[in-house]
Amino acid sequence: MDRGTDARNFLLGNVIPLKLGYVGVVNRSQQDINSDLSIKDALAREEKFFHTQPAYHGLTQYCGIPQLAKKLNQILVQHIKTVLPGLKSRISSQLTAVAKELAVYGDPVDSKAGQGAKLLNILAKYCEAFSSMVEGKNEDISTIELSGGARIHYIFQSIFVKSLEEVDPYEDVTDEDIRMAIQNATGPRSALFVPEVPFEVLVRRQISRLLDPSLQCAQFIYDELVKMSHRCLATELQQFPILRRSMDEVIGKFLRDGLKPAESMIAHIIEMEEDYINTSHPNFIGGSKAVELAQQQVRSAKMSSSVVRKDGVDADKVQASEKTQKMRAVLGRTVNGVITDHIQGVRPASEAERPGSSGSASTSFWNSIFTSNEDRAHASAKDNSANRSYTVPTPNLEHSFSTIQLREPPVVLKPSEHQSEQEALEIAITKLLLKSYYNIVRKNVEDFIPKAIMHFLVNHTKRALHNYLITKLYRDDLLEDLLKEPDEITIKRKQIRENLKVLQQAYKTLDEIPLDAEAVERGGYSLDSDVIGLPRAHGLSSSLHGFNDGSSPYSTPKQSRSRRSNHSGEQPPFNTNMSGNGF
C-alpha cells in the first residue's frame, strides 16, 4: 500500500467478501533480501508496523504472518478431521486385503520338515474346501448361479428323474408287437387266458432301457465333481503350479476309480429289476383289475369305431356272408370225375357228381342246358350200358385228376391284419400290466440310482480323498518339486510385503493425528519462535508444517525478485509489499 492508503476495508471484507477472510502481511523487500535481513527481524518489524498504524488498530486477528500461520493450520486441522475417517477406513480395508493376500502366498519354506508340514496343510485345506463345496457350506456362496452340491441335486431331480417320468412306457412297443408276442407265446394251441410270457418279455425290454440314462446321470455327477475339484483353493494353488497339476491328475484318477463301482452298482440294480418280476408288489394293478379295465377300453373303442355302410348293412355281417359263400364254393367241388373251372382248370369231381349218385339230377339239369340232342342220346345209351353191367372196365382217369396244391409258407410269417375282439382284449390287458409294473420299476430306479451314485462316488470322495492325496503326493523325493514357486510369485510376495509395510505406517500416522489436532485447538499458538522466527503450534507434529528438515518456506535466495503476496483462503484481491514508503 502507498502512503496515505490502507487496506482496512479489504481486511474487514467490505470490498470483496470472502468465506475465509483476509490476512494482511508485510513481506521483505528486495533491498531487505540483498542486505540479508533475517526473517526474525522482518517479523518484528511487521509487528511494529501494525501496532504503529492507526488504521489497523483492532484488527490484530487479521494482520501478520503468525496470524496467517495460525489460520492456515486451523483450516488444515479442520480438513483433516473431515477426511480422516474415510481415509482411515480405506487404508484399513486395503491393509486387510493386502495382509490376506500375503497370507495366501505365505512365507517361503526351505527345510524338508517345513515343506512337509506345508504340503499337509494344503491338502487338508483342499479336502475341507471340497467337502464344504459339496455340502453347500463354503464361504463364497454364489448368488448368480447354482454351484457345488446344488448342481448335483439339480441333476438328480430336474434332469434324471424328470426325464424318466417323461418316458412313455409303450415307447417302441406297438400293438402289433404285443399281438405277435402273445401268439408266439401260445405255441401250437390257442390260449384260453392271456399268457404271462409276453408281459415278462416286454417289461424286461422296457426296464433295460433305463440303464443308459442311469449311466449318463453317473457321468454327469462325475463331471461336476471334476469341476468342483478345479475350483477348490484355485487362488492358493496358483503359487505352486506343479502341485496344482499333480493334484488334478491324482484327483482325476481317484474320481474315475470311484465311477467304476458306481456304474457297476447301477448295472446290478437294473439287472435285479429284470431278473425278478415281482407281480405281488402292492402297487401292481393285478390281473383281475387289468381285465376289468381292458374290457371297458375295448368296449368303448368298439363303440367309437363301428362303421355302418351307406345301404344300412353292417360291414361285419357282409364280410361274414362273403366268407360263407367262399366256403360253400370250396365244399361244392367234386372229387370224382373232372370239372372244368375258370380258376382251377381241371379238378376231380365230387362224390355227388358221380353217375347214379344223389347229385346226378343236378348234373343232368346243367347237361340239359349246355348239351345237344345227339350228345344226350349218346350219354343216355352209355348210362344204360353202364347200369346193365358193372364188370365193364372203367376208363383210366389217372390223367384226368389234379392234386390240391397248398401255398408254401413265406419266410416271415405274420398274423392276419384283421384283429379279433379277443386279441384286442389281450393286447389291452398286456399294456395295462406293462404300464403298471414299469411305473413301479421307474420309481425304484429314481430312488436307488441317486443313492448308488452318492454312496460310491460323491460320499466316497469326501471320505477317502484326503488319505489318497497323502499317499500319492506326500513323498520326500517330491516335496521340493511340488512346492517350487515361479519367479513371478517371489517378486509378487516382495511387492505385497512392501505395500503392507507402507499401509501399516500410514495407518499408524493417521491414528496419531486426531490427538495432535485436538492439542492444536486446545493449546493454541505461542509467540515463541523457532529458528525461522515463526510461532509454532503446541502438540502439532512437524509433518503438518510441511517441512521437517530445518528449511523454511519463507526463506528466499538473494537473487530472487521481491515477493509481493497476499494470503487468503480463496483468491488474492490485492498484493502487499513492504518498501521504504509503507505497507
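- With contacts defined as side-chain heavy-atom distances shorter than 4.5 Å, the pair Leu210/Tyr438 qualifies.
- In this structure, Asp32 CG and Ile39 CD1 are separated by 12.0 Å, a value rounded to the nearest 0.5 Å.
- Taking the six-membered ring where the residue is Trp, the centroids of Phe254 and His460 are separated by under 6.0 Å.
- The aromatic rings of Phe50 and Tyr56 sit perpendicular, their planes meeting at an angle over 60°, well past the 30° parallel limit.
- Look at Asp511 and Lys88 and you find a salt bridge, because one of the NZ, NE, NH1 or NH2 atoms lies within 4.0 Å of a carboxylate O, short of that distance.
- Annotation for His230 and Arg244: closest pair O-NH1, 3.6 Å, computed over non-hydrogen atoms.
- In this structure, Leu87 CG and Ile91 CD1 are separated by 4.0 Å, a value rounded to the nearest 0.5 Å.
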Could you walk me through whether Asn499 and Gln495 pass side chain to side chain donor-acceptor pair (under 3.5 Å), step by step? CA-CA 6 Å; Asn499 293 338; Gln495 293 176 348; over 6 Å; no
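- Seen from the ring of Phe130, Lys462 does not count as a face-on cation partner, given the 6.0 Å and 45° thresholds.
- Residues Met247 and Leu123 meet the side-chain proximity criterion, which asks for heavy atoms closer than 4.5 Å.
- Smallest separation of non-hydrogen atoms from Gln238 and Ile489: O-CD1, 4.4 Å.
- Within the 3.5 Å criterion, the main-chain N or O of Lys260 finds no donor-acceptor partner in the side chain of Ser264.
- Checking side-chain atoms of Ser89 against main-chain N and O of Pro85 turns up no donor-acceptor pair under 3.5 Å.
- At least one side-chain heavy atom of Ile251 sits less than 4.5 Å from a side-chain heavy atom of Tyr126.
- Other residues, nucleotides and ligands contribute more than 12 heavy atoms inside 6.0 Å of the NZ atom of Lys118.
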As a quick check of understanding, evaluate salt bridge (charged side-chain N to carboxylate O under 4.0 Å, His left out) for Arg475 and Asp477, giving each step before the final call. CA-CA 6 Å; Arg475 293 164 50 183; Asp477 57 335; 3.3 Å; yes
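- A distance of 8.0 Å separates CG of Leu259 from CD1 of Ile266, quoted to the nearest 0.5 Å.
- Note that CG of Asn278 and CE of Met272 are 13.0 Å apart. Values are rounded to the nearest 0.5 Å.
- Here the side chains of Phe160 and Ser214 are in contact, with some heavy-atom distance below 4.5 Å.
- Under the 3.5 Å distance criterion, the side-chain polar atoms of His51 are matched with a main-chain donor or acceptor of Glu47.
- Across all their heavy atoms, Asp257 and Tyr468 have their closest contact at OD2-OH, 4.3 Å.
- A 4.5 Å side-chain heavy-atom check between Ile453 and Phe156 finds at least one atom pair inside the cut-off.
- Taking the side chain as every heavy atom from C-beta outward, Pro66 and Glu46 approach each other to under 4.5 Å.
- Side-chain atoms of Lys125 do not come within 3.5 Å of backbone N or O of Leu233 as any donor-acceptor pair.
- Scored by the side chain to side chain contact (heavy atoms under 4.5 Å, CB included) test, Ser38 finds Lys40, Asp41 as partners (sequence neighbours excluded).
- Note that CG of Leu119 is 9.0 Å distant from CG of Leu478, once rounded to the nearest 0.5 Å.
- Residues passing the ring-ring contact (aromatic ring centres under 6.0 Å, His included) test with Tyr437, sequence neighbours excluded: Phe284.
- Summarising the geometry of Leu37 relative to Arg28, their closest heavy-atom pair is O-NH1, 2.6 Å, with the distance given to 0.1 Å.
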Take Glu446 and Arg442 through the test salt bridge (charged side-chain N to carboxylate O under 4.0 Å, His left out) and record every step on the way to the result. CA-CA 6 Å; Glu446 291 174 356; Arg442 177 180 54 78; 2.9 Å; yes
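- For CG of Asn14, the number of neighbouring non-hydrogen atoms (other residues, nucleotides, ligands) closer than 6.0 Å is greater than 12.
- Looking at heavy atoms from C-beta onward, Ile122 lies in side-chain contact with Phe240 at the 4.5 angstrom threshold.
- Remark: side-chain polar atoms of Arg231 are not paired, donor with acceptor, to backbone N or O of Ser147 under 3.5 angstrom.
- Looking at Ser158, its side chain never comes within 3.5 Å of a backbone N or O of Ile155 through a donor-acceptor pair.
- The shortest side-chain heavy-atom distance between Leu225 and Ile152 falls under the 4.5 Å cut-off.
- How far CD of Glu485 is from OG1 of Thr490: 5.0 Å, rounded to the nearest 0.5 Å.
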Worked check of salt bridge (charged side-chain N to carboxylate O under 4.0 Å, His left out) between Lys443 and Asp447: CA-CA 6 Å; Lys443 292 179 180 179; Asp447 183 46; over 6 Å; no
Show your working on salt bridge (charged side-chain N to carboxylate O under 4.0 Å, His left out) between Asp275 and Arg204 and close with a plain yes or no. CA-CA 8 Å; Asp275 287 345; Arg204 284 193 179 96; 5.7 Å; no
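- With sequence neighbours left out, Glu101 forms a side chain to side chain contact (heavy atoms under 4.5 Å, CB included) with Tyr105, Lys492, Ile496.
- Between Gln206 and Pro169 the shortest heavy-atom distance is NE2-O, 2.6 Å.
- Listed here is the closest heavy atom pair of Gly252 and Tyr222: O-OH, 4.1 Å.
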